[in-house]
Protein chains: 2
Amino acid sequence: MITIKDIAEMANVSRSTVSRVLNDSGYVSEDARKRVERVVKETGYVPSEHAKSLRTKKTKVIGVILPTIQTETPSRIVTGLGRELSKHGYQILLANTDHDKEKELEFLDLLKVRQVDGIVLIATNTDDKLMEKIKEINTPLVMIGQEAEGVIHVTYNDYRATKELTRLFIQKGHEKIAFIGVDESDRSVGHFRKQGYLDEMAAQGLSVDKAWVQKGIFDIESGYEAMKQILNHAVNKPTATIAVTDRLAIGAMSYLKEQGMDIPTDMAIAGIGASEMSQYLEPPLTTVDYQNEKAGEEGAKQILACINSKPFQERIVMNYRLIIRESVQ
Amino acid sequence: MITIKDIAEMANVSRSTVSRVLNDSGYVSEDARKRVERVVKETGYVPSEHAKSLRTKKTKVIGVILPTIQTETPSRIVTGLGRELSKHGYQILLANTDHDKEKELEFLDLLKVRQVDGIVLIATNTDDKLMEKIKEINTPLVMIGQEAEGVIHVTYNDYRATKELTRLFIQKGHEKIAFIGVDESDRSVGHFRKQGYLDEMAAQGLSVDKAWVQKGIFDIESGYEAMKQILNHAVNKPTATIAVTDRLAIGAMSYLKEQGMDIPTDMAIAGIGASEMSQYLEPPLTTVDYQNEKAGEEGAKQILACINSKPFQERIVMNYRLIIRESVQ
DNA sequence: CTGTTAGCGCGTTCAA
DNA sequence: TTGAACGCGCTAACAG
């Protein structure tokens, strides 16, 4: 392996001079610079990042913890993160928890050991254990998707999005609106989205039948099951349904079709997430675009600012955009 | 930051003894071992990976280069890779080329500089430049998705898959079969899949109308366009279509429906990739399951074997599985 | 403007 | 069985 020492000898200067040329720091005579640059070019030499890290305590690596990369939301966020980070010479060390909360904690430790410069956590919960660990590792960290006191975070306006979706249905004349959510331990997707729905219903003086509110997990199948529950158990049949993710909505639509029901005539439906598929469904699905890639970019900017001790915003709430399609009438 | 030196002092031994305990190397008295272990536990000390890497030249990091993580194939592969690698204490350094061949080359260099122990390349081409660079960087490397002489690779049986799909259509009575492919610079998806189709058609004595064979890129929209081309330009209208990805098939289906054509009566259709959506389409799409996660795991095993100088297979061809659904009749 | 020197945190001889 | 000493490749004082 070729090292700085070799370059120094070949260019007839000291190692420090080579270092200065490479890092553009301190004074170097034009002559010496040229010689070094020539040798570096000829040999294709690149300094060892590890040796550098050992000295500078900087790694130019950002750890990214996520629950899965098999769904569109996290993969879009990572794309946004990667785009912004690579602009500044940072790379991503990936940590996939596979939805395992224990692993989430382990990875925080692990990334700390790897001495990443910062961590981006695509979060699905804000459990006490998690928050404690975050404080404990004491590394610059940005959370995406959940809000949390004392932690830099980028979130979506979950509450307002479902509130607006609910209002949309009501404006179209619906009064019996069902809701397919997820567990409330996920504050953003589970709690706030549900609350927006409930509050708007209440605000418009509409009551909510208990059987209208069902829960799934983050897959298509459970959306199917949830819709089945709604139709089987509701005495008073709803005419519209809000699902907190497009996948849940797709599952729900699948059950509706199986039952020979027409969308949106018999049941209007909306999802959240603006999945690529949503516009190719039958009928095309009304949904909410959360601009995940942009959220990723924003997260990257904040973590970089934090690392470089520049001013950063602790709280960023992304804008969303309603996409109204034929599944709503 | 707490270092090996601190532990040594606290345990009243030398740094080397601590190192021996940590790495289970050389003789250490039971007594000393206990003391060190206790201190390590109490302090929560973990050795610096960077210092270690500097010494041992091993990083326990695998670089993964991919064209995008926004489609199912690569994200499934990464999931498989991650699962297997993390079992052995390795982590993934992500490099997203965003379909840019130049970046692919740059990342190979960059990962080399980062001194990753190995590289997994989810490849979309086998250009000379790329192959040269692979030789040049001289780092253990496994290619997934394309075959290449002299490089460890995991591929799918693209040729046989489309051949079998073609035969399936023919068995069902179809004689005029169209094909939506991608550029042949992608040997696997572009060339081999097309060749399987062409060969089977020829083998069965069926001719192929030029207008039946169209090309898209890897998105839904271009599948739509390709089907439009087929229907507009074919004098002799085909009754079935094979698309080389599910997304292309979805786009094609979208155009067919727009034209009021029935699937599969007016046009039977099949894709490849077993995307999660495929079973929820109308009608459910016939497709081919390539077991991408398993391919990822297999790739991980090979790169680890290569790194640890154990025997490895240079060429692995994954099995596939036909999933026959209602889009074919 | 440049070279010498001194570590960063660790693993690994080599004597003792 | 243990510790002293060295060096991995690099940056950052410091002195010249």
How many Å lie between [atom1] on [X] and [atom2] on [N], as a whole number?
{"X": "A/Leu54", "N": "C/dC10", "atom1": "CG", "atom2": "C1'", "answer": "8 Å"}
{"X": "A/Asn23", "N": "D/dT11", "atom1": "CG", "atom2": "C1'", "answer": "8 Å"}
{"X": "A/Met1", "N": "D/dG7", "atom1": "CE", "atom2": "P", "answer": "18 Å"}
{"X": "B/Ile4", "N": "C/dG9", "atom1": "CD1", "atom2": "P", "answer": "11 Å"}
{"X": "B/Asp6", "N": "C/dC10", "atom1": "CG", "atom2": "C1'", "answer": "13 Å"}
{"X": "B/His50", "N": "D/dG7", "atom1": "NE2", "atom2": "P", "answer": "24 Å"}
{"X": "A/Ile2", "N": "D/dC8", "atom1": "CD1", "atom2": "P", "answer": "15 Å"}
{"X": "A/Glu9", "N": "D/dG9", "atom1": "CD", "atom2": "C1'", "answer": "13 Å"}

According to a strict under-4.0 Å criterion, is [X] in side-chain N/O contact with OP1 or OP2 of [N]?
{"X": "A/Ser29", "N": "C/dT2", "result": "yes"}
{"X": "B/Ser19", "N": "C/dG11", "result": "yes"}
{"X": "B/Thr17", "N": "D/dT2", "result": "no"}
{"X": "A/Ser14", "N": "C/dG3", "result": "yes"}
{"X": "B/Tyr27", "N": "D/dG3", "result": "no"}

Presence of salt bridge, A/Arg187 and A/Glu147, under 4.0 angstrom: no

Under-4.0 Å salt bridge between A/Lys87 and A/Glu84: yes

Give the nucleotide from the list [options] with an atom nearest to the side chain of [X].
{"X": "B/Lys52", "options": "C/dG3, C/dC10, D/dG3", "answer": "C/dC10"}
{"X": "B/Lys57", "options": "C/dG11, D/dC8, C/dC10", "answer": "D/dC8"}
{"X": "A/Thr56", "options": "D/dT11, C/dC14, D/dC10", "answer": "D/dT11"}

Touch class at under 4.0 angstrom, heavy-atom based, for B/Ser16 against every strand present: base

Residue mapping more 5' on DNA chain C - nearest nucleotide basis, A/Arg15 or A/Glu30: A/Glu30

Reference residue B/Met143; test side-chain contact (heavy atoms from CB on, under 4.5 Å); the match among B/Val120, B/Thr155, B/Thr126: B/Thr126

Greater than 12 external heavy atoms within 6.0 Å of B/Glu149's CD: no

A/Lys294 NZ: over 12 foreign heavy atoms closer than 6.0 Å: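 Counting other residues, nucleotides and ligands, NZ of A/Lys294 stays at 12 neighbours or fewer.
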
Quiz item: B/Arg20 side-chain donor-acceptor pair to D/dG3 base, under 3.5 Å: yes

